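Note that ligands are numbered from 1 as they come in the structure, with each ligand's atoms numbered from 1 the same way. This is a predicted model, so every value here is computed, not measured. What you see below is based on every heavy atom in this structure, not just the backbone, and it leaves out hydrogens, waters and symmetry mates.
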Amino acid sequence: MNVLLTGGLGYIGSHTCVELLNAGHQAVIADNLSNSRVTVLDSIEKITGKRPKFYEIDVCDRDAVERVFSENEIDAVIHFAGLKAVGESCRIPLRYYRNNLDTTLTLLETMGKHGCTRLVFSSSATVYGPNNPVPYFEEMPANLATNPYGWTKAMIEQILRDHCAANPGFTAVLLRYFNPVGSHESGLIGDDPNGIPNNLMPYIARVAGGQLQLLTVFGDDYDTPDGTCLRDYLHVVDLAKGHLCALDYAAEHVGAEAINLGTGKPVSVLELLHAFIRVNGVDVPYVIGGRRDGDLPASYANAEKAERLLHWKAEKSVEDMCRDSWSFILNHTN
Ligand code: WQD
């Protein structure tokens, strides 16, 4: 299969590209490098022995996307390209709506022109919003996001459902990711956010590496076993493999299908932190601070639908996640 990966040099895109190439597929990457580096191509080649075809383009650019489709026989698309920082999306919402919606619309229109009918979309557990009880399952109402980033995911899911309803031969798999962490075991690719990280695991890893001084744990007075928030941390290599299963599913089904990708196991902030310290034998100084605005006490998946429809199940442990996140930082800072 020849698969177009928009945003394919980013954190999840690059890991998915590796799994695709290792499984014998071909990959074409379209990425504007807004939150990724072109050197990731070299790392993908080092890991797999293959170099994907690369277009440095913005997926909002209709002519550029048209060029990708006319120069390549694309069998399916995995759409990762999008802005993803929650806090930033509250400061510059229009940029988020313009970018995330426009890339999707441009892609769908161009796919239509070229008869490409299979799309896997990078959605997020954020679409479950603040009112559903945990664990989240796919039939729950998923249309009440709490920030512009989350709204773009909810809106794109709706666009894809409408598009599938109007085009009966089209398939869209909406993968709702929980909290992806870790990196490829080579340590060559990983989560490399610009500036100070917002997410817990890259923050822990940078404190361990000495680039940041101190971790603040946002709140220990939640109604959870140790008072800190519960999340469904998922190894990015497991997540990447989920995309291959979704492509197989899309080859045999039509319509829009939302599927959670998570482990189904809640882990607290302090559990993750102490696992990181234990597994890697490092020091991570931390303080307990106040709650962060917008954080939910608990977010984790019911992961049965992925197992049933995709025959996919997360395999890696929290220890694997901690070890591999750290090996990327070690590799990267040396
Ligand atoms: C996890 C836990 C924090 C940093 C966000 C987005 C979501 C998705 C993934 C994708 C929380 C705590 C964090 C720190 C801390 N976006 N924490 N100190 O908030 O579950 O999900 O990222 O692109 O849409 O909302 O993930 O990693 O930010 O936080 O105590 O310095 O770690 O309070 O409980 P979150 P996270």
| task | For ligand 1, note which part of N179 has a heavy atom under 4.0 Å away: side chain, backbone, both or neither. | result | side chain
| request: Give me the ring orientation class for F170 and H163: parallel if the planes are under 30° apart, tilted from 30 to 60°, perpendicular past 60°. | output: perpendicular
| note | Within 4.0 Å of some non-hydrogen atom of N198, the atoms of ligand 1 are 4 (C), 28 (O)
| query | Which is it for N199 and ligand 1 at heavy atoms under 4.0 Å: side chain, backbone, both or neither? | reply | both
| Should the proximity of T216 to ligand 1, defined as any heavy atom under 4.0 Å, be assigned to the side chain, the backbone, both, or neither? | backbone
| Residue that, paired with T152, satisfies side chain to side chain donor-acceptor pair (under 3.5 Å) out of N147, T104, N100, T103 | N100
| Using heavy atoms and a threshold below 4.0 Å, how should the contact between Y149 and ligand 1 be classified: side chain, backbone, both, or neither? | side chain
| query | What protein heavy atom sits nearest atom 20 (O) of ligand 1, and how far away is it? | reply | R231 NE, 2.6 Å
| task | Select one of side chain, backbone, both or neither to describe which atoms of R292 lie under 4.0 Å from any atom of ligand 1, heavy atoms only. | result | side chain
| said: Could you check whether any side-chain heavy atom of L175 comes within less than 4.5 Å of a side-chain heavy atom of L310, counting everything from C-beta outward? | reply: yes
| atom 33 (O) of ligand 1 [closest protein heavy-atom partner, distance rounded to 0.1 Å] | D295 OD2, 2.5 Å
| What atoms in ligand 1 come closer than 4.0 Å to a heavy atom of K84? | 23 (O)
| query | Between P193 and N199, is any pair of side-chain heavy atoms under 4.5 Å apart? | reply | no
| task | Compute the minimum heavy-atom distance from Y222 to ligand 1 and say whether it is under 4.0 Å. | result | no
| said: Residue-level breakdown please: for V269 versus ligand 1, do any non-hydrogen atoms fall below 4.0 Å on the side chain, on the backbone, on both, or on neither? | reply: side chain
| Which part of Y11 is near ligand 1, with near meaning a heavy atom under 4.0 Å away: side chain, backbone, both or neither? | neither
| Any side-chain heavy-atom pair from S70 and H114 closer than 4.5 angstrom? | yes
| Min side-chain heavy-atom separation N35-K84 under 4.5 Å | yes
| query | Starting from atom 15 (C) of ligand 1, which protein heavy atom do you reach first, and at what distance in Å? | reply | F218 CD1, 3.3 Å
| said: Are the side chains of E19 and H25 in contact, using a 4.5 Å heavy-atom criterion? | reply: no
| said: Could you identify the single nearest non-hydrogen protein atom to atom 34 (O) of ligand 1 and state the distance to 0.1 Å? | reply: C229 CB, 3.0 Å
| field | Ion pair K241/D238, N-O distance below 4.0 Å | value | no
| note | V217 heavy atoms within 4.0 Å reach ligand 1 at atoms 30 (O)
| field | Atom CG of D221: over 12 foreign heavy atoms under 6.0 Å | value | yes
| message | For ligand 1 and Y203, I'd like to know whether there is a polar contact (N/O to N/O, distance under 3.5 Å). | response | no
| query | Who's the nearest protein heavy-atom neighbour of atom 2 (C) of ligand 1, and how far? | reply | Y233 OH, 3.6 Å
| field | Heavy-atom nearest neighbour in the protein, as seen from atom 27 (O) of ligand 1, with distance rounded to 0.1 Å | value | L200 N, 2.8 Å
| query | Would you say S124 touches ligand 1, if touching means a heavy atom closer than 4.0 Å? | reply | yes
| field | Side-chain heavy-atom pair I12, P180 within 4.5 angstrom cut-off | value | yes
| Could you give the distance from CG (L108) to CG (L119), rounded to the nearest 0.5 Å? | 6.0 Å
| said: If you measure every N or O of V86 against every N or O of ligand 1, does any of those distances drop under 3.5 Å? | reply: no
| said: Between E319 and R278 (salt bridge meaning N to carboxylate O under 4.0 Å), is one present in this structure? | reply: yes
